[in-house]
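These notes are about the structure you will find just below.
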Amino acid sequence: MKKLTLFFLLAASCAALLFSDEERKFQFAETWGYVMSGYENEFSPDIPVTDLCYFSAEIDQYGEIPFVPDRKKLPESYRGRVHLAAICESRSLSHFVLEPKYGVTKKIVRSLAEAAKDYDGLQIDFELIPPRDEKNFKSFLKMLRKSIGKDKMLSICVPARMKPKQDDVYDYASLEPYVDRIFIMAYDQHWSTSKPGPVAGMDWCQKIADHALKELPLEKIIMGMPFYGRTWTSPSYSKAWYNSGINRILRENKSPRVQRTDGIPHFSFKAEVTVTGYFDDKDSLAQRCQMLKEKNIINIGFWRIGQEDKEFWTLLQAGQ
C-alpha cells in the first residue's frame, strides 16, 4: 500500500512538473524582433515573432538613403509582418532632415515611402532629435503616415521614460496620435561608460511599463527588452591622459620601460583588472515576461535576434 501511494505521489509530482513547464509558456498578442542586414542567417522562421524589423535604411549626410535592406534576403517561409527600420544617427543630421527650411524633409518622406513599398510597415528610429525639432518631428510623422498609406503600419522607437519630462521630443502621449505602435526601448539603464549595472533592471523596467500604461493605449505599446549584455573593467586604461596621469600609472605599475619609436615615447605593461558583466538569459527574460503579463502588457519586442539565449524561444508562443 505504501509503495502504491508513493507511486501515485511520484506520478502526481511529474504531472505537476509538466504542467509547470507548460505554464511557463508566454504568449503575447504581438512579439517584435530585430534582424540586422548582413546577419540574416541569425534569423530562423521558426522563431515565434509576429513582427520582424529589418535594420536598417540609414539617412546619410546628404539627406539620402543609399541603402535599403532587401526583404527577399529573409526566409520566404516567414509569415509574419516585416517592417523597414529607418535610422538617423546624429543630432545635427536629425535637425537637417526634420527642419523644412533645408528642403530635404519631403524628399526623405518620398524616399522612405518608396523604400517601404515591399514591406508591411515602416519604423522610425531617430534617437537623437534636438528638442527644438519636436514640432518638425510630428509633422514628419504626419507626412509619412499619409505617404505610406493606411494599409501599412507606422511605428516609432522611443527611449525609456519613468515619468514625463519637460520639453521632451519623445513624450509618449503627444506622439501617440501619429503612429500605430510605439516601441519603448527599455534598456541601456547602464551603458558602456556608466558605472556597472544591469542593462535593464527589473524595478526600472516596471516603472517604465507603469508610465507607458498611464500615457498610451494598451494596443500601441511595445515593451522592448534587451538580448545583449555588457561588461566593464576596473581599472580601465582606455582613455586619453594628461602627461601627469601617464607618469602616475607608470609609477603605479612598477615603472615599465619607456621606449621610443621615431622619437615618440611608448610603453606596455600587464595589469590585473576586474571584469564585471551583466546579461540576460532564459530565466531573466522569463521573469521580464511574467512581470509584463501581470501588468497586462500585450505586445513585447527584443533587440536583437542573434544575441539571445536560444533556450528562451522555448518559453515563448507565437502571438495570435
Side-chain angles (χ1 to χ4, degrees), residues 26-34 49-51 53 55 83 85 87 123-129 131 134 137 141 154-230 278-305 307-309 312 315-316 319:
F26 298 100
Q27 186 174 35
F28 293 84
E30 296 175 5
T31 304
W32 293 53
Y34 288 82
V49 293
T50 60
D51 292 78
C53 294
F55 199 87
H83 307 257
I87 66 173
Q123 184 171 96
I124 300 301
D125 183 7
F126 289 14
E127 299 179 23
L128 296 167
I129 300 173
E134 178 184 355
F137 184 45
L141 293 175
L154 179 62
S155 61
I156 55 171
C157 292
V158 296
R161 295 284 188 264
M162 292 184 285
K163 58 184 180 181
K165 289 179 61 177
Q166 190 173 6
D167 300 323
D168 187 10
V169 176
Y170 303 103
D171 178 72
Y172 296 176
S174 67
L175 289 172
E176 180 270 323
Y178 299 92
V179 295
D180 301 300
R181 298 290 186 276
I182 295 181
F183 188 102
I184 299 171
M185 299 180 289
Y187 35 81
D188 280 345
Q189 179 186 7
H190 295 87
W191 56 96
S192 59
T193 56
S194 77
K195 65 180 182 179
V199 174
M202 293 296 176
D203 289 344
W204 185 74
C205 288
Q206 287 192 52
K207 292 175 182 176
I208 294 164
D210 288 340
H211 176 60
L213 288 167
K214 290 177 184 177
E215 299 289 311
L216 295 170
L218 185 62
E219 68 275 8
K220 290 195 177 185
I221 299 171
I222 307 169
M223 283 299 300
M225 304 186 205
F227 274 159
Y228 60 95
R230 286 196 184 278
Y278 284 82
F279 65 103
D280 275 284
D281 62 8
K282 176 186 70 172
D283 294 323
S284 65
L285 290 165
Q287 187 177 341
R288 293 185 193 282
C289 287
Q290 183 62 39
M291 178 267 289
L292 295 174
K293 273 288 187 184
E294 290 172 359
K295 293 184 180 295
N296 296 317
I297 294 290
I298 62 172
N299 304 322
I300 60 170
F302 305 99
W303 176 266
R304 69 172 173 81
I305 292 171
Q307 297 176 327
E308 73 276 12
D309 177 353
F312 170 67
L315 305 181
L316 201 66

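All values derive from a computational prediction rather than experimental measurement.
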Practice prompt. Can you see which heavy atom on V49 is nearest to which on G33, and at what distance?
Written response: CG1-N, 4.4 Å
Worksheet item: Rounded to the nearest 0.5 Å, how far apart are CG of D210 and CD1 of I297?
Response: 8.5 Å
Worksheet item: Does a side-chain heavy-atom distance below 4.5 Å link M185 with E127?
Response: yes
Discussion item. For the CD atom of E294 and the CD atom of Q206, what is their distance to the nearest 0.5 Å?
Written reply: 8.0 Å
Practice prompt. For the residue pair E30 and W32, confirm or rule out a side-chain donor-acceptor distance under 3.5 Å.
Written response: yes
Worksheet item: Any salt bridge between R161 and D168, counting N to O under 4.0 Å?
Response: yes
Report all side-chain donor-acceptor pairs from residues 216-225 shorter than 3.5 Å, counting only partners two or more places apart or in another chain.
from	atom 1	to	atom 2	distance (Å)
K220	NZ	E176	O	2.9
K220	NZ	E176	OE2	2.6
K220	NZ	V179	O	2.9

Worksheet item: When rounded to the nearest 0.5 angstrom, what is the spacing between CD in Q290 and CG in D283?
Response: 13.0 Å
Fill in: Lys/Arg-Asp/Glu bridge criterion (N-O < 4.0 Å) met for D280, R288
yes
Practice prompt. Give the C-alpha distance, both sets of side-chain angles, the deciding distance and a yes or no for side chain to side chain contact (heavy atoms under 4.5 Å, CB included) between H190 and V199.
Written response: CA-CA 5 Å; H190 295 87; V199 174; over 6 Å; no
Worksheet item: Roughly how far, to the nearest 0.5 Å, is the CD atom of Q287 from the CG atom of L292?
Response: 11.0 Å
Worksheet item: So with a 6.0 Å cut-off around OH of Y228, is the heavy-atom count from everything else above 12?
Response: yes
Worksheet item: More than 12 heavy atoms of other residues, nucleotides or ligands under 6.0 Å from NZ of K293: is that the case?
Response: yes
Discussion item. Can you classify the ring geometry of Y34 versus F55 as parallel (below 30°), tilted (30 to 60°) or perpendicular (above 60°)?
Written reply: perpendicular
Worksheet item: Between atom OG of S155 and atom CZ of F183, what is the distance when rounded to the nearest 0.5 Å?
Response: 9.0 Å
Discussion item. Is the shortest side-chain heavy-atom distance between M202 and S284 below 4.5 Å?
Written reply: yes
Worksheet item: Around atom NZ of K295, are there more than 12 heavy atoms of other residues, nucleotides or ligands at under 6.0 Å?
Response: yes
Item to complete: For residues Y170 and K165, determine if any side-chain heavy atom of one lies less than 4.5 Å from a side-chain heavy atom of the other.
Response: no
Worksheet item: What are the two closest heavy atoms between W191 and D188, and how far apart are they?
Response: CE3-O, 3.8 Å
Worksheet item: Should L316 and F26 count as side-chain neighbours, where that means a heavy-atom distance under 4.5 Å?
Response: yes
Worksheet entry | Stepwise side chain to side chain contact (heavy atoms under 4.5 Å, CB included) check, F28 with I300 | CA-CA 7 Å; F28 293 84; I300 60 170; 3.5 Å; yes
Item to complete: Please examine the side chains of D51 and H83, heavy atoms only from C-beta on, and report whether any two atoms are closer than 4.5 Å.
Response: yes
Worksheet entry | Pairwise side-chain contact, Y187 with W303, heavy-atom cut-off 4.5 Å (strictly under) | yes
Worksheet entry | Closest approach of Q189 to A200 (non-hydrogen atoms, all atoms of both residues) | OE1-C, 3.7 Å
Practice prompt. Could you check L175 against I156 for side chain to side chain contact (heavy atoms under 4.5 Å, CB included), going step by step and ending with a plain yes or no?
Written response: CA-CA 9 Å; L175 289 172; I156 55 171; 3.7 Å; yes
Item to complete: Measure from the ring center of F137 to the ring center of Y178 and say whether it is less than 6.0 Å.
Response: no
Fill in: Exercise: identify the closest heavy-atom pair between A173 and P177
O-CD, 3.5 Å
Discussion item. Ignoring hydrogens, what is the shortest heavy-atom contact between A186 and I208? Give both atom names and the distance.
Written reply: CB-CD1, 4.1 Å
Worksheet item: Does a side-chain heavy-atom distance below 4.5 Å link N299 with R181?
Response: yes
Discussion item. If I compare all heavy atoms of I184 with all of A160, which pair ends up nearest, and what's the gap?
Written reply: CG2-CA, 4.4 Å
Worksheet item: Would you call the rings of F302 and F227 parallel, tilted or perpendicular if under 30° counts as parallel and over 60° as perpendicular?
Response: parallel
Worksheet item: Quick one: SG on C289 to CD on Q27, what's the gap to the nearest 0.5 Å?
Response: 12.0 Å
Practice prompt. Find out whether I87 and F126 are in side-chain contact, i.e. whether some heavy atom of one side chain is under 4.5 Å from a heavy atom of the other.
Written response: no
